[in-house]
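The structure under discussion appears below in the form of structure tokens.
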Amino acid sequence: MKQTLKNYIANYKDITARVHSFESFGAADGPGVRFVLFLQGCKLRCLYCHNPDTWAIHDGQCWNLKEILKKIVPYKKFYRKGGVTISGGEPFLQHEFLYELLRALRYIGLHTAVDTSGCVKLEKAQKCINEADMILLDIKEIDEQDCLKLTGAGNAHTLRMLQYCEKRNKTVWIRYVCVPNYTMSEEKIRALGALLAPFECVQNVQLLPFHQLGAYKYKELNLKYKLADCAIPSEEEMRKANRMLAEHHLPIV
């Protein structure tokens with residue numbers, strides 16, 4: 001296997017990606033302890049985004065496949081019960097590189113997850129979905145028009161990706177950010193539960209409370225932060241939202 005991997009890397013060493021950052025001890029990005037690669041670039045402009053510094057596709061640093069694997073391979077025993085998660089930004093924007101990275105990680109024998117908003121057309125993403133072990137899918141908004149207002153794009157591509165994962169029997173973990181006055185109404189939460197209930201591929205659903213931790217980045221980037229006055233959900237509000245979701249017999253974290 002070592003020789004096969006060596007040859008594989010040699011053949012694809014010139015494939016590069018724009019990288020925002022790395023995390024060597026990710027505990028919230030898939031099962032187990034994980035190496036997390038954050039790729040640069042995102043077309044969405046979510047009002048609650050806490051990483052606006054990942055938006056510009058041409059920012060970040062340029063890394064090739066060989067360089068990135070050198071950061072992972074020496075510690076593969078450490079990630080054996082976890083794996084590698086590719087996040088962003090939006091990783092499917094760099095789908096050609098992502099596909100080759102996922103293939104290489106399969107050679108190595110590490111579990112892979114892709115953290116995505118699903119905003120990229122399925123035709124560009126499906127090869128990567130097929131190669132990944134699981135998808136961490138962020139559903140931004142349940143309503144198409146409200147999603148457009150919240151993120152700058154609708155949710156049609158996201159829902160189509162979820163349907164494709166169901167067809168492929170691909171493990172999916174769902175994430176949904178609860179933003180007061182936007183995504184956190186009783187109507188929205190119940191609609192989310194009704195949407196997800198039929199999908200057997202969905203093995204984990206997590207409601208995340210909106211927070212203000214990334215607000216300072218907007219000031220640093222000279223960007224207007226539109227949710228500066230938005231309240232942070234209380235623990236009781238989050239418990240209530242989870243109870244409503246549980247009525248649909250979903251695997252809630």
Side-chain angles (χ1 to χ4, degrees), residues 17 29-30 38-49 51 54-55 57 85-103 106 112-179 182-185 187-208 245 248-253:
D29 300 280
F38 296 91
L39 295 181
Q40 183 72 26
C42 184
K43 291 185 176 180
L44 297 184
R45 294 296 180 265
C46 303
L47 297 184
Y48 59 77
C49 180
N51 287 317
T54 67
W55 288 351
I57 187 66
T85 296
I86 303 92
S87 186
E90 173 48 61
F92 284 129
L93 286 180
Q94 302 189 60
H95 57 91
E96 293 181 357
F97 173 86
L98 176 59
Y99 176 67
E100 299 302 339
L101 175 60
L102 290 169
R103 287 183 64 197
R106 184 173 295 279
T112 57
V114 180
D115 186 355
T116 176
S117 68
C119 66
V120 174
K121 290 182 178 180
L122 182 60
E123 289 74 15
K124 292 184 177 181
Q126 62 184 27
K127 281 180 62 177
C128 298
I129 295 173
N130 296 346
E131 195 65 36
D133 290 302
M134 69 181 298
I135 302 297
L136 309 178
L137 185 62
D138 299 331
I139 293 184
K140 303 295 186 179
E141 237 292 352
I142 198 66
D143 179 82
E144 171 78 7
Q145 292 303 313
D146 288 344
C147 191
L148 187 62
K149 297 173 184 176
L150 183 68
T151 72
N155 60 12
H157 290 315
T158 303
L159 299 182
R160 189 181 176 202
M161 185 174 292
L162 178 59
Q163 292 163 356
Y164 182 76
C165 289
E166 178 78 355
K167 180 180 178 181
R168 296 283 305 186
N169 195 30
K170 185 69 61 177
T171 298
V172 176
W173 287 13
I174 297 291
R175 290 167 167 175
Y176 181 87
V177 179
C178 293
V179 186
Y182 288 89
T183 66
M184 203 178 176
S185 68
E187 178 185 4
K188 299 281 189 184
I189 299 298
R190 293 191 186 280
L192 176 66
L195 170 72
L196 297 177
F199 287 91
E200 296 182 2
C201 66
V202 174
Q203 297 187 9
N204 184 310
V205 182
Q206 185 177 19
L207 298 183
L208 301 171
L245 204 58
H248 296 273
H249 307 289
L250 292 165
I252 301 170
V253 177

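For the single chain, residues carry numbers from 1 onward in sequence order.
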Just verifying a value: how many Å separate [X] [atom1] and [Y] [atom2], rounded to the nearest 0.5 Å?
| X | Y | atom1 | atom2 | result |
| --- | --- | --- | --- | --- |
| T116 | D138 | OG1 | CG | 7.5 Å |
| I174 | I139 | CD1 | CD1 | 4.0 Å |
| C165 | L137 | SG | CG | 7.0 Å |
| I135 | K170 | CD1 | NZ | 7.0 Å |
| K124 | L98 | NZ | CG | 13.5 Å |
| F92 | L122 | CZ | CG | 9.0 Å |

Inset, instruction - Taking atom CD of Q203 as the centre, report whether more than 12 heavy atoms of other residues, nucleotides or ligands fall under 6.0 Å from it. - result: yes

Legend entry - Within 6.0 angstrom of E187 CD, more than 12 heavy atoms from elsewhere: no

Minimum-distance pair of heavy atoms, taken over all atoms of [X] and [Y]:
| X | Y | result |
| --- | --- | --- |
| M161 | A125 | CE-CB, 3.8 Å |
| Q40 | I57 | O-CD1, 3.3 Å |
| K188 | S185 | CG-OG, 2.9 Å |
| C128 | L102 | O-CD1, 3.4 Å |
| G30 | L136 | N-CD1, 4.1 Å |
| L250 | G193 | CD1-CA, 3.8 Å |

Legend entry - Test item: side-chain donor near acceptor, N130 and Y99, under 3.5 Å: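 No, because no side-chain N or O of N130 sits under 3.5 Å from a partner of the opposite role on Y99.
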
Just wondering, do [Y] and [X] contact through their side chains at under 4.5 Å, heavy atoms?
| X | Y | value |
| --- | --- | --- |
| L44 | C49 | no |
| T54 | F38 | no |
| F199 | L162 | yes |

Inset, instruction - Sequence neighbours left out, what passes salt bridge (Lys or Arg N to Asp or Glu O under 4.0 Å) with R160? Give chain and number order. - result: E123

Inset, instruction - Apply the test side-chain contact (heavy atoms from CB on, under 4.5 Å) to residues L192 and T183: give CA-CA distance (whole Å), side-chain angles for both, the deciding distance (0.1 Å), then the verdict. - result: CA-CA 10 Å; L192 176 66; T183 66; over 6 Å; no

Inset, instruction - Given side-chain contact (heavy atoms from CB on, under 4.5 Å), test L101 with T112 step by step and report yes or no. - result: CA-CA 10 Å; L101 175 60; T112 57; over 6 Å; no

Legend entry - Verdict with reasoning, I189 to C178, per side-chain contact (heavy atoms from CB on, under 4.5 Å): CA-CA 9 Å; I189 299 298; C178 293; 4.3 Å; yes

Compile the donor-acceptor pairs under 3.5 Å between side chains in residues 150-159 and protein atoms, sequence neighbours left out, one pair per line.
{"residue": "T151", "atom": "OG1", "partner": "C147", "partner atom": "O", "Å": "2.8"}
{"residue": "T151", "atom": "OG1", "partner": "A153", "partner atom": "N", "Å": "3.2"}
{"residue": "T151", "atom": "OG1", "partner": "A153", "partner atom": "O", "Å": "2.9"}
{"residue": "N155", "atom": "ND2", "partner": "E141", "partner atom": "O", "Å": "3.1"}
{"residue": "N155", "atom": "ND2", "partner": "I142", "partner atom": "O", "Å": "3.2"}
{"residue": "T158", "atom": "OG1", "partner": "S117", "partner atom": "O", "Å": "2.7"}

Inset, instruction - Starting from the C-alpha separation in whole Å, work towards a yes-or-no answer on side-chain contact (heavy atoms from CB on, under 4.5 Å) for W173 and Q206. - result: CA-CA 8 Å; W173 287 13; Q206 185 177 19; over 6 Å; no

Inset, instruction - Run the numbers on R106 and E131 for salt bridge (Lys or Arg N to Asp or Glu O under 4.0 Å), then give the verdict. - result: CA-CA 8 Å; R106 184 173 295 279; E131 195 65 36; 2.8 Å; yes

